[in-house]
Colleague: 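Quick one: the structure is below, questions incoming.
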Amino acid sequence: MRIVSELDIKTNKARHAYGTMRSVYAVYLLAVICLIGWQQGLSPPAMAQDAPASTEKSASRSSISKQDGNPPAESQTTKKTETPSWLQRVIGNRAPTPKVPFVSNPTPFAETQPTVPLYQEIPSFLQASYGAPSFGPPYGTTHLLGDWGGIQPWLQKRGLYFALNVYEDIAGNVSGGKRQAYSAAGQVGSTLDVDWQKLLHASSWSNDFWLHMLVVNGHGTNLSRLYGDNSNQVQQIYGARGNVVAHLVWSYFEKAWLQRKIDLAVGWIPPGAFFQNSPWVCNFMNVWLCGGESPTKFMTGGRGWPSGNIGTILRVMPTRQFYLMGGLFAVSPHAYNGGISGWSWGQDNLGKLATHFEAGWIPQFGPHHLIGHYKVGIMYDNSRYNDLYEDIHGAPWVLTGLPARKQSGQTSVWVLADQMLVRHGPGEMNGLIWGGYFGWGSGKTSQISHSFTTVLMDTGALWKRPLDSVGIAFLWSKFSRSAILSQEAAAAGKLPLPGGNYGLPYGIQGHEAIYEAYYGFHVMEGFTIKPDFQYVNHVGGTTVFKDAVVLSTAVNIAF
């Protein structure tokens with residue numbers, strides 16, 4: 001998900017052309033399927049084929065009694081007690097508290113799955129909205145092809161949860177930028193989640209013991225670079241995957257204890273998938289937001305999805321509303337973590353470590369369970385990095401030619417919040433939601449030092465499209481003082497402008513702002529289409545080019 005080095009774009013022209021044609025063909029083919037299946041998409045999706053009978057009944061009761069998205073009233077879920085009147089006067093006429101039903105929660109791609117509300121159960125990493133954003137979650141993943149002729153229920157009864165996903169995006173800047181261009185970028189991915197207790201029929205040691213894997217194949221070209229923006233990425237699916245058939249995103253074991261109050265993950269993990277993450281960030285296309293937020297995800301010790309690190313994460317969640325989470329990761333000094341394929345875990349120079357810590361509060365207000373996610377975190381990487389401006393004597397190295405001063409350690413902090421304001425359905429994302437983010441990174445070593453985001457999202461419940469989604473966002477990033485001073489010194493000396501971890505600039509940088517809006521159409525089970533609009537102010541953080549207007553359409557299919 002991060003902006004990558006020149007190795008990313010040094011690909012064969014014929015391969016680009018072939019990949020683009022393949023992507024265009026795929027999108028148009030899916031559009032035909034969309035039109036054929038549109039009528040089916042107007043009806044509410046069914047629960048997963050392998051969901052427990054109790055789940056289906058409670059979900060059905062929920063859909064009948066929650067037309068306004070509220071939990072069912074006691075009068076609708078319980079019968080009046082037959083307790084004698086004299087005894088009622090003594091103990092009161094208290095109806096038994098109804099069990100909270102399983103609910104259907106639209107994910108960012110409007111895929112439906114039976115989930116347990118956070119006010120009922122402490123979730124594991126995979127089920128948590130601040131955990132790994134897998135497009136193929138277990139416990140009833142829905143598929144365009146149904147239950148695969150009975151294969152999915154057979155697998156899931158044995159603890160094997162498999163999903164195959166295709167994502168294609170066609171985007172173009174209709175005005176502004178260095179030049180008008182278009183590109184097609186996409187991804188084919190698969191997830192495998194293994195429940196060892198079900199698979200091995202083992203004793204209590206295997207309870208809440210999982211293996212999680214995600215492998216992707218990316219293809220296409222980088223639109224942002226085509227129109228002159230090396231600092232931002234307007235396409236959600238591009239970068240950091242390498243030109244390989246199968247790029248490993250994550251592969252880690254998860255074990256929970258004490259009814260999931262303690263949760264441990266160990267293996268190959270993208271830090272940005274667990275820290276500074278919330279359920280709404282990948283609703284939006286822009287990579288400054290999706291897969292971990294800027295500037296942390298562009299720092300070597302905090303690289304986000306799909307770049308993994310060898311590491312471990314421990315989360316302690318004593319209540320359903322509060323958690324503390326810490327992580328320790330090996331820092332890769334290479335352009336690609338794990339090599340271009342992600343499978344080379346034994347890279348050299350892995351001696352430095354990045355430490356992440358996050359505290360989160362997940363309240364739910366009122367009888368409608370208006371959920372919020374509030375979290376604050378910090379990352380510290382003990383590696384040594386080149387100062388963007390000063391040489392070993394404190395002068396600008398771009399002019400003196402001396403080695404840059406080494407800065408010991410790199411730090412970033414973040415504050416992330418969202419709050420449901422009005423509920424339109426039973427899931428975590430079923431309602432009007434406001435969200436915001438602020439991040440800071442060490443400006444002496446990071447080209448961007450400050451980032452700010454605010455968003456507003458809702459579903460289509462008001463116009464009877466409850467599985468559709470709509471949202472707007474404002475993203476703003478400020479380039480660091482050290483980066484600007486170095487560029488000004490180079491410009492004064494008529495030298496090439498230096499870059500950093502956000503690529504080479506076309507001019508002296510200041511800030512860049514993105515205005516984004518999207519609408520996600522839930523066409524049918526496991527199939528969504530999302531048109532997206534982005535207005536890019538100060539392309540690449542400079543005023544060299546006119547502001548760009550980018551239009552794109554993404555198609556997502558969960559097979």
Side-chain angles (χ1 to χ4, degrees), residues 1-24 26-27 167-189 216-244 247 249 282 284-292 294 297-298 303-307 335-337 340 342 447-448 475 477 499-506 509 512 514 516 532-536 538-542 544-545 547-555:
M1 302 296 290
R2 60 185 177 86
I3 298 175
V4 296
S5 65
E6 293 183 0
L7 183 61
D8 256 270
I9 58 175
K10 288 183 177 179
T11 55
N12 186 278
K13 292 183 179 180
R15 179 178 296 176
H16 275 315
Y18 172 75
T20 301
M21 292 176 63
R22 180 176 62 177
S23 300
V24 173
V27 170
Y167 181 100
E168 297 290 338
D169 174 46
I170 293 181
N173 62 308
V174 296
S175 68
K178 181 180 178 182
R179 64 184 178 93
Q180 291 187 24
Y182 86 97
S183 76
Q187 171 182 279
V188 178
V216 300
N217 170 262
H219 57 268
T221 54
N222 187 332
L223 175 65
S224 292
R225 298 236 174 139
L226 292 178
Y227 71 76
D229 194 341
N230 292 332
S231 301
N232 185 26
Q233 174 57 52
V234 294
Q235 289 171 293
Q236 184 181 113
I237 302 295
Y238 187 80
R241 290 161 180 81
N243 298 309
V244 296
H247 177 87
V249 178
C282 283
F284 298 91
M285 296 285 190
N286 199 282
V287 174
W288 273 357
L289 191 58
C290 183
S294 175
K297 66 178 289 184
F298 292 93
R303 287 173 176 168
W305 196 104
S307 294
Y336 286 91
N337 291 16
I340 62 173
Q447 203 171 349
I448 285 181
L475 301 86
S477 285
N501 55 334
Y502 284 79
L504 292 173
Y506 283 90
Q509 296 174 308
E512 184 169 0
I514 313 293
E516 182 174 358
D532 184 85
F533 165 88
Q534 293 183 61
Y535 182 87
V536 184
H538 288 189
V539 173
T542 77
V544 174
F545 306 122
D547 293 353
V549 175
V550 178
L551 302 179
S552 65
T553 298
V555 176

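Both backbone and side-chain heavy atoms feed into the values below; hydrogens, waters and symmetry mates do not. If you're wondering where the values come from, they're calculated on a predicted model, not measured in any experiment.
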Colleague: Checking S294 now: which residues fulfil side-chain hydrogen bond (donor to acceptor under 3.5 Å, both in side chains) with it, not counting sequence neighbours?
Modeller: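 Residues passing side-chain hydrogen bond (donor to acceptor under 3.5 Å, both in side chains) with S294: S451, Y502.
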
Colleague: So how far is it from T553 OG1 to D169 CG, rounded to the nearest 0.5 Å?
Modeller: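 So the gap between those two atoms works out to 7.5 Å.
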
Colleague: Do side-chain atoms of Q447 reach the backbone of G503 as a donor and acceptor pair under 3.5 angstrom?
Modeller: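 Side chain of Q447 to backbone of G503: a pair is present.
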
Colleague: Does any part of the side chain of V539, heavy atoms only, come nearer than 4.5 Å to the side chain of D229, both counted from C-beta?
Modeller: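 They are in contact (side-chain heavy atoms under 4.5 Å apart), so the answer is yes.
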
Colleague: Using the rule given for side-chain contact (heavy atoms from CB on, under 4.5 Å), can you reason through Q235 versus V287, listing the C-alpha separation, both sets of side-chain angles and the distance that settles it, and then say yes or no?
Modeller: CA-CA 7 Å; Q235 289 171 293; V287 174; 6.0 Å; no

Colleague: Is the shortest heavy-atom distance from the side chain of Q534 to the side chain of N286 under 4.5 Å?
Modeller: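 Of all side-chain heavy-atom pairs linking N286 with Q534, at least one is under 4.5 Å.
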
Colleague: State, to 0.1 Å, how close A181 and L223 come at their nearest heavy-atom pair, and which atoms those are.
Modeller: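 Taking every non-hydrogen atom into account, O-CD1, 3.6 Å.
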
Colleague: By ring-ring contact (aromatic ring centres under 6.0 Å, His included), which residues pair with Y227, not counting sequence neighbours?
Modeller: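 Not a single residue meets the ring-ring contact (aromatic ring centres under 6.0 Å, His included) criterion with Y227.
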
Colleague: Okay, side chain of N501, backbone of F298: is any donor-acceptor separation there less than 3.5 Å?
Modeller: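 At least one qualifying donor-acceptor pair exists.
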
Colleague: Side chains of Q509 and S231: donor-acceptor distance under 3.5 Å anywhere?
Modeller: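 Yes, S231 and Q509 have a side-chain donor paired with an acceptor closer than 3.5 Å.
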
Colleague: Does I514 reach the side chain of W288, with side-chain heavy atoms less than 4.5 Å apart?
Modeller: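 Counting from C-beta outward, I514 and W288 do come under 4.5 Å.
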
Colleague: Do Y506 and N230 touch side chain to side chain, with heavy atoms closer than 4.5 Å?
Modeller: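 They are in side-chain contact.
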
Colleague: Identify the two heavy atoms, one from S224 and one from V234, that lie closest to each other, and give their separation to 0.1 Å.
Modeller: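 So the minimum-distance heavy-atom pair works out to OG-N, 3.0 Å.
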
Colleague: Has the side chain of Q187 got a donor or acceptor atom that lies under 3.5 Å from a matching backbone atom of V216?
Modeller: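 No, Q187 side chain to V216 backbone: no donor-acceptor pair under 3.5 Å.
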
Colleague: For Y167 and M285, which heavy atoms make the closest approach, and how far apart are they?
Modeller: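 Where Y167 meets M285 most closely, the heavy atoms are OH-SD, 3.3 Å.
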
Colleague: Which residues pass the side-chain hydrogen bond (donor to acceptor under 3.5 Å, both in side chains) test with E512, not counting sequence neighbours?
Modeller: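 None.
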
Colleague: With sequence neighbours left out, write down each residue that passes side-chain hydrogen bond (donor to acceptor under 3.5 Å, both in side chains) with E516, or none if nothing qualifies.
Modeller: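 Expected list: none.
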
Colleague: Indicate the atoms forming the closest heavy-atom contact of C290 with K297, along with that distance.
Modeller: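 Residues C290 and K297, closest heavy atoms: O-NZ, 2.8 Å.
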
Colleague: Just to verify, what does Y535 make a side-chain contact (heavy atoms from CB on, under 4.5 Å) with, not counting sequence neighbours?
Modeller: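 By the side-chain contact (heavy atoms from CB on, under 4.5 Å) rule, Y535 matches Y515, F533, N537, D547, V549.
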
Colleague: Tell me every residue that passes side-chain hydrogen bond (donor to acceptor under 3.5 Å, both in side chains) with S552, counting only those two or more places apart in sequence or in another chain.
Modeller: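 None.
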
